[in-house]
Every structure is written in structure tokens, then in C-alpha cells.
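These numbers come from the heavy atoms of this one structure, side chains and all, not from hydrogens, waters or symmetry mates. Read the numbers this way: they start at 1 and go in the same order the structure lists the ligands and their atoms. Computed from a predicted structure; not experimentally measured.
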Amino acid sequence: MRVPNLSLLSLAVAGSLTAALPAYAADWNLASPYGDASFHTQNTKQFAEDVAEATDGELNITVHSGGSLIGHAEIKPSVRRGTVQAGEVFLSTLSNESPIYEVDTLPGLATSYADAYDLWQASKPIITQMFAEQGLMPLYAVPWPSQGIYTDFELTDASQLEGLRVRAPNINTQRFVENLDGIPTQTEESDIPTAFSTGRVDAMITSVSTGDSMAAWDYVSHFNNANLWLPKNIVFVNKRAFDRLDESSQQAVLAAAAQAERRGWQMSQEDGAESAEALEANGITISEPSEELQSQLQAAGQQLFDDWRDRAGDQAEALVDRYRERQAQQGE
Ligand code: PCA
């Protein structure tokens with residue numbers, strides 16, 4: 001009996017397989033802490049669809065929402081290692097790395113979408129550089145609607161916050177709560193319902209969007225539209241994974257990212273308006289801060305800003321100067 005030459009046979013099989021495959025196909029995983037109810041996740045899923053379409057399926061990005069693949073704090077380290085190719089995080093949670101990441105949670109600095117966009121333009125070069133030093137590349141950033149205060153009573157005076165356990169999504173919000181003599185608790189968005197139902201928190205600071213997706217009306221009755229700041233999510237990729245794509249796929253990713261950024265800023269505004277309506281429809285009273293409360297919040301905010309300045313360093317100061325210059329030029 002003649003024994004077939006196995007090595008030649010396997011070469012032939014391998015050859016025909018290669019010929020059947022497109023030039024290069026890649027599958028990326030993108031991890032996000034936010035659930036499917038969030039407009040951020042909807043935008044990121046649309047981004048993934050746009051990339052698949054533009055590359056004719058050669059780059060498939062699977063979005064793992066709601067922290068289902070990895071927890072929020074592990075997303076950036078995992079993308080750095082390359083165990084997942086892309087991620088989305090709440091930018092200000094990186095503040096333990098640098099005060100640069102706190103600029104979009106500084107009270108009174110940028111409280112409209114136009115100002116927040118200027119601040120992002122002023123921040124982008126330095127954030128891109130800091131990400132590049134870690135082998136990462138930002139794709140786009142999108143703000144949440146402005147942050148306000150949810151309570152189960154009508155908030156008219158900051159003294160009502162004394163001793164209250166207030167849920168906060170990042171360190172600067174925690175500091176802000178401390179400046180108001182409240183007791184801050186850092187809680188992920190997805191843990192909000194449990195935090196309230198187990199009595200771990202009495203109040204929270206977040207946007208109308210998160211209040212709506214987390215059914216705030218189950219736990220609180222009032223939203224004070226304090227308009228503290230418009231913090232952003234950032235979507236980014238492992239640079240080695242990006243470099244491995246062929247040129248046309250790289251272009252497709254960048255084009256879809258630019259489109260996702262434009263769409264996301266629009267969605268944030270629309271979702272803000274719709275979420276406010278949904279909150280009211282479910283019985284939440286929305287009010288603007290009284291003059292008294294406004295000046296108390298401003299004082300707590302000023303303290304936060306001054307403390308930030310003390311630890312910010314030259315690069316962070318330069319960023320704020322760049323932002324102010326942009327604003328001054330536009331005002332001319
Ligand atoms: N929602 C997220 C981040 C900011 C926001 O509006 C949260 O509260 O966790």
C-alpha cells in the first residue's frame with residue numbers, strides 16, 4: 001500500500017485554505033461598562049456596525065456592554081495588554097493616573113455643549129500623547145448630559161446634604177460631595193439600583209440619562225439640575241491591533257470614529273432632553289438650583305478647582321490656558 005506524503009498533503013490543504021480567505025480579517029472585542037440602555041452603548045454599537053460595513057466584514061468589532069466582559073477598572077489595563085483590542089471608559093475615572101483626566105469634571109469650567117467641545121479639542125492632543133505612551137490610541141469621546149443631584153426630598157439648601165451618603169461616579173465628584181459635608185460612595189452605574197435598595201446610598205450625582213436608564217424614580221423623588229459639568233466617555237484601541245490592520249481598514253475605523261464622535265455629541269443632547277421627560281413622566285420633580293443653593297455649590301466647586309490647581313502641574317494648567325484661549329478667540 002502506498003502511504004500518501006502527509007507533509008505535501010497538508011501543505012496543499014493549507015494552501016487552498018489561504019486562498020479561500022480574504023487578505024486579512026480581524027475580530028476585535030470592545031469592552032464597555034455601560035449597559036444597552038445607554039445612548040453611549042447605542043452609539044458604540046453603531047460605530048461597530050459602520051466599521052463592519054465599510055470594511056465589508058473584514059473587521060468585526062463585538063461590543064461587550066454593561067461590564068459583561070471585564071469590569072470598568074480593568075478595561076484600560078486589558079486593552080494595554082492587548083487581551084481585548086478596544087474599550088470604552090468614563091474618562092475621569094483615570095484621574096489616579098493624571099490630573100489631566102479631571103479637566104472635564106471641574107465645576108464651572110465648561111457647562112454647555114459648545115464649551116465642553118472646546119475643552120475636548122484643547123484636551124485631545126495631550127490625552128492622545130498620554131494614551132500613545134501606553135500603546136493606546138483614542139478613537140472618539142462623547143459627553144454625558146450635565147451632572148445634577150438626585151435626592152428623595154426637595155433640595156433647597158446645601159446643608160441638607162450634610163451626612164447624606166451620596167453616590168458618585170468618580171473621584172472629583174466624591175471630593176465635591178465631601179466639600180458639601182456629604183459622605184461620598186463610589187458606585188458603578190450598573191450598581192446604582194442595588195446601592196439604593198440595600199440602603200448603601202441616599203442620594204446620587206449623575207446625569208438625567210443615567211437616572212432614566214437606572215429607573216431613578218424607584219429610589220428618589222427629585223432631580224436638581226445643578227449643571228455641574230459634562231464629563232466624557234472615551235473609546236480607544238490597542239495601537240498594535242490597529243497597526244495590524246491593512247490601510248483601508250485603518251481608514252474605515254478612523255472615519256467611523258469621527259462619525260461616532262459627531263453623532264454621539266448630538267445623541268447626548270437628544271438623550272438629555274428625552275431622559276428629562278422620562279424622569280418627569282415617572283414622577284421625578286426636576287428643579288433648578290435656588291440662588292442660595294447655587295452659591296453654595298459654587299463655593300464647593302471653587303474649592304475643588306483650587307485643590308486641583310495645587311496638584312495639577314504645568315501640563316494640566318497649560319491645557320486650561322489653551323481652552324481659555326480658544327474661548328477668547330471665539331468671543332472676538
Ligand atoms: N453617567 C455615568 C457617568 C456620568 C453619567 O452621567 C455614571 O453616573 O456612572
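- Between Phe47 and Tyr140, the gap from one ring centroid to the other is short of 6.0 Å.
- A donor-acceptor pair shorter than 3.5 Å cannot be found between the side chains of Ser221 and Asp152.
- A ring-centre distance under 6.0 Å is found for Tyr34 and Trp144.
- Between Glu102 and Arg175 there is a salt bridge, since at least one side-chain N of the basic residue sits less than 4.0 Å from a carboxylate O of the acidic one.
- For Trp229 and Phe176, the distance between ring centers is under 6.0 angstrom.
- Remark: Lys76 is positioned above the aromatic ring of Phe131, its terminal NZ or CZ atom under 6.0 angstrom from the ring centre and at most 45 degrees off the axis.
- When heavy-atom distances to ligand 1 are checked against 4.0 Å, the residues falling inside are Tyr34, Phe90, Trp144, Gln147, Arg167, Pro169, Glu189, Thr206, Ser207, Thr210, ordered by chain and number.
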